[in-house]
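Report on the following structure.
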Amino acid sequence: MIQRKSLIPMLEGEKIPKDWRTAQFYNYWSAPFHYGIRTDRYTYLKVKDYPDELFDRKKDPLQLHNVAGKSKYKKKIVKLKAELLDKIIEIGVNPEELPGIGKNQCNQNLGVIKRRKSIN
């Protein structure tokens with residue numbers, strides 16, 4: 001099971017369902033503690049006390065060059081940040097359970113998550 005969806009049908013040769021996820025939430029509990037989201041092309045992650053990071057794995061498969069500061073990726077970051085929050089809500093992760101999150105960031109995340117829940 002990956003985030004409540006079985007892989008067995010696809011392992012047995014069935015086609016990928018149309019409602020199959022397009023992004024995967026992950027968290028990393030070793031230094032550097034972080035959490036993020038991966039799509040087929042991008043890795044977007046958050047590390048405590050550092051700016052957000054974005055890696056374009058099509059152009060940089062080893063994820064050596066953070067492109068988050070490049071203007072051409074601004075819209076992609078907005079989309080991935082929203083997807084990340086949606087995944088956190090969908091999975092039911094409490095903000096204090098996210099790796100490397102301090103109390104202030106936890107409170108900010110909780111506020112954003114509550115607002116997104118009321119919209120959805």
Side-chain angles (χ1 to χ4, degrees):
M1 293 273 259
I2 291 188
Q3 295 177 354
R4 301 184 184 141
K5 293 198 178 193
S6 175
L7 294 171
I8 292 172
M10 287 177 284
L11 293 172
E12 293 175 340
E14 290 183 23
K15 291 183 179 180
I16 297 172
K18 290 183 181 184
D19 67 342
W20 188 251
R21 65 172 170 77
T22 58
Q24 175 71 40
F25 168 80
Y26 75 95
N27 53 33
Y28 190 74
W29 286 94
S30 237
F33 302 103
H34 68 280
Y35 64 100
I37 193 166
R38 284 180 60 108
T39 67
D40 61 337
R41 180 172 176 172
Y42 297 99
T43 300
Y44 170 74
L45 61 107
K46 298 176 100 31
V47 181
K48 182 183 176 190
D49 299 328
Y50 288 92
D52 296 354
E53 296 183 23
L54 177 68
F55 297 95
D56 183 343
R57 293 189 323 278
K58 182 177 180 182
K59 295 180 180 179
D60 178 22
L62 299 177
Q63 298 184 171
L64 299 174
H65 306 286
N66 178 8
V67 297
K70 295 187 176 185
S71 60
K72 77 181 214 173
Y73 290 99
K74 282 185 180 179
K75 287 182 182 177
K76 181 54 67 180
I77 290 172
V78 168
K79 182 180 184 298
L80 290 170
K81 189 179 284 192
E83 271 190 82
L84 175 59
L85 287 171
D86 288 344
K87 286 290 176 197
I88 289 169
I89 292 166
E90 177 186 323
I91 297 164
V93 176
N94 291 317
E96 60 272 7
E97 296 172 329
L98 296 170
I101 299 300
K103 186 174 182 177
N104 288 340
Q105 183 65 46
C106 178
N107 289 336
Q108 288 174 1
N109 286 349
L110 191 57
V112 172
I113 289 169
K114 284 180 180 176
R115 285 192 300 277
R116 285 193 74 76
K117 277 185 179 178
S118 69
I119 293 170
N120 293 337

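Numbering starts at 1 and runs along the sequence shown. Any value given below was found using the heavy atoms of this structure, including those in side chains, with hydrogens, waters and symmetry copies removed.
Listed by chain and residue number, nothing satisfies the side-chain hydrogen bond (donor to acceptor under 3.5 Å, both in side chains) test with Tyr42 (two or more places apart in sequence, or in another chain). Annotation: side-chain contact (heavy atoms from CB on, under 4.5 Å) contacts of Asn27 (sequence neighbours excluded): Phe25, Trp29, Tyr35, Pro99. The side-chain contact (heavy atoms from CB on, under 4.5 Å) check on Ile8 picks up Ser6, Glu12, with sequence neighbours excluded. For Tyr28, the ring pair (Phe, Tyr, Trp, His ring centres under 6.0 Å) partners are His34, not counting sequence neighbours.
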Checklist entry - So Ile37 and Tyr26, side-chain contact (heavy atoms from CB on, under 4.5 Å) or not? Walk me through it. => result CA-CA 6 Å; Ile37 193 166; Tyr26 75 95; 5.8 Å; no
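Residues Leu64 make up the rest of the hydrophobic cluster containing Leu62, defined by ILVMFWY side-chain heavy atoms closer than 4.5 Å, directly or through other members.
If you chain together hydrophobic residues whose side chains sit under 4.5 Å apart, Val78 and Tyr44 never meet in one group.
For the atom pair CG of Leu45 and CG of Leu54, the computed distance is 8.5 Å after rounding to the nearest 0.5 Å. Distance check, rounded to the nearest 0.5 Å: NZ of Lys15 to CE of Met10 gives 14.0 Å. Note that NZ of Lys81 is 4.5 Å distant from NZ of Lys46, once rounded to the nearest 0.5 Å. One finds the CG atom of Leu85 at 12.5 Å from the CD atom of Glu90 (value rounded to the nearest 0.5 Å).
The minimum heavy-atom distance linking Asp52 with Ala68 is given by the pair O-CB, 3.4 Å. The two residues Arg57 and Thr39 make their nearest non-hydrogen contact at NH2-O, 2.6 Å.
Within the 4.5 Å cutoff, no side-chain heavy atoms of Tyr73 are placed close to those of Leu80.
Among residue pairs with one or both ends in residues 33-44, those qualifying as salt bridge (Lys or Arg N to Asp or Glu O under 4.0 Å) are Arg41-Asp56; sequence neighbours excluded. Listed by first and then second residue, the salt bridge (Lys or Arg N to Asp or Glu O under 4.0 Å) pairs that reach into residues 58-80 are Lys79-Glu83, sequence neighbours excluded.
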